[in-house]
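I'd like to ask some things about the structure below.
Computed from a prediction, not measured in an experiment: that's the story for all the values here.
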There are 2 protein chains.
Amino acid sequence: MAKSDKTSSATDQRESGRLQVISAIRKAEEIARIDIAKITDFSPATVTSITSELLSAGLIEEVAVDEATRDTKRGRPRVALKIRGAAHWVAGIKVSNKTATVALMDFEGHTFAEFETPLPKSQLSGEDMVDFILHSLETATSEAGISISDLSGLGVGVAGIIDALRGFVYWSPSMTERNVDLRDMLENVIPLPVFIDNDANLVAKAEQLFGMGKSHRDFIVVTIEHGVGMGIVIDGQIYRGTRGCGAEFGHTKVHLNGALCRCGQRGCLEAYVADYAVLREASIVASSMGDETSEKKLEELFNAAKAGDPLAKSIFQRAGTMFAMGLANIVNIFDPELIILSGERMQFDYLYADEVLEVMKKSVVQIDAPLPQVKIHKWGDLMWAKGAAAYAMEGVTEHAIRKISQDAQS
Amino acid sequence: MAKSDKTSSATDQRESGRLQVISAIRKAEEIARIDIAKITDFSPATVTSITSELLSAGLIEEVAVDEATRDTKRGRPRVALKIRGAAHWVAGIKVSNKTATVALMDFEGHTFAEFETPLPKSQLSGEDMVDFILHSLETATSEAGISISDLSGLGVGVAGIIDALRGFVYWSPSMTERNVDLRDMLENVIPLPVFIDNDANLVAKAEQLFGMGKSHRDFIVVTIEHGVGMGIVIDGQIYRGTRGCGAEFGHTKVHLNGALCRCGQRGCLEAYVADYAVLREASIVASSMGDETSEKKLEELFNAAKAGDPLAKSIFQRAGTMFAMGLANIVNIFDPELIILSGERMQFDYLYADEVLEVMKKSVVQIDAPLPQVKIHKWGDLMWAKGAAAYAMEGVTEHAIRKISQDAQS
């Protein structure tokens with residue numbers, strides 16, 4: 001729909017300005033107005049005008065700069081701005097293959113409560129998924145002593161192929177049905193704006209807002225747990241592809257007619273690197289592994305490899321080599337500034353051991369310039385829920401910014 | 001360097017506005033002011049002001065709308081705007097492994113002269129490359145009855161790993177040396193702004209400005225000739241990666257420890273799909289192939305396959321299957337709107353035969369949404385040089401737009 005020229009264009013510019021200012025404050029944590037002007041390239045007058053709107057809307061607040069650390073010689077201001085934590089609270093929920101994790105987060109990005117609950121079944125129908133998410137959210141908020149109506153938004157992360165803009169689940173390993181309009185279904189029973197995305201994109205969002213991606217415009221996050229995920233940040237934005245389902249790193253093929261993947265195809269990276277890929281070779285190593293949980297089996301296999309068991313070692317080595325090849329392909333295609341390997345499975349250091357990174361380095365196109373940085377971020381289960389909350393917070397921020405324009409016009 | 005606030009910010013915005021308007025005119029070929037306002041979302045007053053600047057600078061011109069086709073009922077304007085072809089001329093040169101092709105192009109994008117010259121050797125030193133490019137440019141301009149000083153810019157496309165922003169060649173199969181500051185060397189002897197990029201990026205640029213990419217914000221171009229190249233356009237911009245050397249599709253690995261690639265590594269896509277990969281299996285098929293040129297050998301092999309020779313067929317089938325796997329990986333990662341398969345080798349239709357596209361479709365993540373379009377664009381050798389000219393034209397346009405601001409300030 002074509003916008004009806006001048007007014008809406010000016011409003012768009014104003015909203016984009018507010019977003020830039022609030023992002024600069026969020027990134028800096030505490031920042032003086034004059035430094036916001038430097039970062040955003042806005043005039044000091046524009047920054048003063050925008051920050052006063054944000055202050056009136058209660059989204060940011062003033063804090064006194066510590067006199068002891070203030071650079072008085074250069075006449076630095078006595079007052080800085082920060083995000084007002086109490087402005088909005090959001091919830092993030094990550095549904096994985098066995099549990100759901102809920103994080104409650106304030107507007108500053110502090111997680112003030114977390115909650116974990118087991119999934120009733122490993123795959124749920126659309127309706128059961130909605131019930132389960134509602135139930136988890138109710139329990140988490142009531143344990144934190146608040147109610148759902150105290151929240152301003154809900155972020156939901158699920159594995160699979162998600163069209164984030166439409167909140168639509170094409171396919172998820174956690175669901176029995178395809179093509180579920182999950183956002184609409186959730187918004188029908190939960191009185192909050194709901195934001196749904198692929199779980200790896202949410203980790204990328206969390207890295208961008210609170211983690212190692214904070215100071216990078218372009219980076220890539222690779223996650224490994226039950227599957228292999230990727231989140232791509234280009235020019236500060238999550239790259240989603242045309243159908244909202246790019247970045248399917250786990251299903252790039254590394255071997256023609258290779259190992260069988262749970263997606264039904266052969267030779268996917270995931271079929272060599274994910275938990276289930278490693279586990280299906282585990283039975284050959286130790287007969288004692290019959291009735292144990294997957295976690296336990298994986299841990300035993302890992303310990304056997306560490307103790308020098310050659311078969312166990314060879315399982316991890318193959319996974320590591322394939323992972324190195326996949327990472328090299330990412331470097332060859334994206335040439336990113338930074339690759340963050342994120343997630344629980346990073347504890348199995350075969351995946352990022354020096355020798356794996358060496359293989360990767362040898363498999364990328366060789367030029368006389370430094371390779372992308374590869375950083376490891378082990379943040380455990382809560383990471384995913386934090387990412388979901390971060391995603392909701394971004395949406396809530398945009399709503400709040402738009403509301404300022406609407407209030408001004410009415 | 002931080003920009004010194006308000007003035008430069010306003011200038012930046014003005015320049016960005018001019019660029020948007022001129023792009024809209026270029027894309028539409030002929031367009032009324034009111035339609036520019038619709039497309040750019042600028043107010044009619046802003047469009048009038050910007051177009052009058054562009055008219056004064058001689059970059060665009062007014063044309064009468066044909067009365068017979070004009071929609072008089074809706075009061076459509078009598079005057080449209082178009083790019084003024086004579087505003088600037090640029091040259092584009094593509095250095096391939098055997099020849100250099102030069103295209104001379106006017107500001108509207110019409111190629112008014114083309115010229116081809118064989119390379120003295122298949123690999124040149126930096127200095128010899130500069131001499132060769134200068135010589136080709138002198139010959140091409142003099143044959144066209146103009147001189148180098150009539151041009152406003154030179155675009156140069158070379159295969160290899162190029163940092164386009166710095167005009168720096170990390171490595172090229174056409175050069176004996178690594179790390180050549182080719183732009184600076186060329187600008188020392190040719191009195192023009194020089195713009196250098198990887199050849200596949202230049203094809204993407206040509207597709208964007210004049211070809212199948214015209215109406216797409218996001219698309220990917222894959223080229224096959226002596227090597228395999230890729231150009232990625234995201235949100236209207238060529239994606240280059242951090243070191244200026246992303247999109248190395250040809251060297252993504254499709255097979256661990258696979259076929260030997262000319263880059264020295266194993267299992268690269270190029271090692272299965274490029275000319276040399278196909279040719280090294282050719283000798284097994286026909287003993288008559290001893291002294292022929294590569295082109296001739298490839299053609300004979302292709303004809304043998306078409307005639308049903310099973311060995312020849314199997315060579316192309318393997319190349320096709322590997323190519324399908326590589327394309328599927330691109331779809332899985334980028335989920336682009338459109339993939340354009342571009343270049344001379346597309347005449348060997350094994351590469352895009354229906355069955356290859358079928359394999360690709362089966363190798364991408366399956367969801368209930370239409371797959372990206374795959375289009376074939378066979379434009380032959382001149383395509384590359386046109387891309388180089390298009391790239392130069394983009395740079396020249398930016399210079400011209402900046403000059404308007406400078407003239408206004410002085």
*Which of B:Val364, B:Leu338, B:Asp218 touches chain A most, by non-hydrogen pairs under 4.5 Å*: B:Val364

*To the nearest 0.5 angstrom, please state how far the OG1 atom of A:Thr252 sits from the CE atom of B:Met325.*
8.5 Å

*State the CD1-CD1 distance between B:Ile232 and A:Ile234, to the nearest 0.5 angstrom.*
7.5 Å

*Verify side chain to side chain contact (heavy atoms under 4.5 Å, CB included) between A:Asn329 and B:Lys253, making sure each step is shown before the conclusion.*
CA-CA 6 Å; A:Asn329 284 349; B:Lys253 307 294 176 287; 3.8 Å; yes

*Considering only heavy atoms, which portion of B:Leu371 lies under 4.5 Å from any heavy atom of chain A: side chain, backbone, both, or neither?*
both

*Toward chain A, the part of B:Ile39 with a non-hydrogen atom under 4.5 Å*: neither

*What is the distance from atom OH of A:Tyr239 to atom CD1 of B:Ile333, rounded to the nearest 0.5 Å?*
10.5 Å

_Taking the side chain as everything from C-beta on, heavy atoms only, tell me whether B:Asp335 gets closer than 4.5 Å to A:Arg240._
no

*asked:* Quick check for you: among B:Cys268, B:Pro372, B:Pro336, B:Ser363, which has the greatest number of heavy-atom pairs under 4.5 Å with chain A?
replied: B:Ser363

Side-chain atoms of residues 255-263 of chain B: list all donor-acceptor pairs with protein atoms under 3.5 Å, sequence neighbours left out, distances to 0.1 Å.
from     : atom 1 : to       : atom 2 : distance (Å)
B:Arg262 : NE     : B:Glu270 : OE2    : 2.8
B:Arg262 : NH2    : B:Glu270 : OE2    : 3.1

*Report the distance from atom CG of A:Asn332 to atom CE of B:Met230, rounding to the nearest 0.5 Å.*
9.5 Å

*Measure distances from B:Gln265 to the heavy atoms of chain A and classify the residue's part below 4.5 Å as side chain, backbone, both or neither.*
side chain

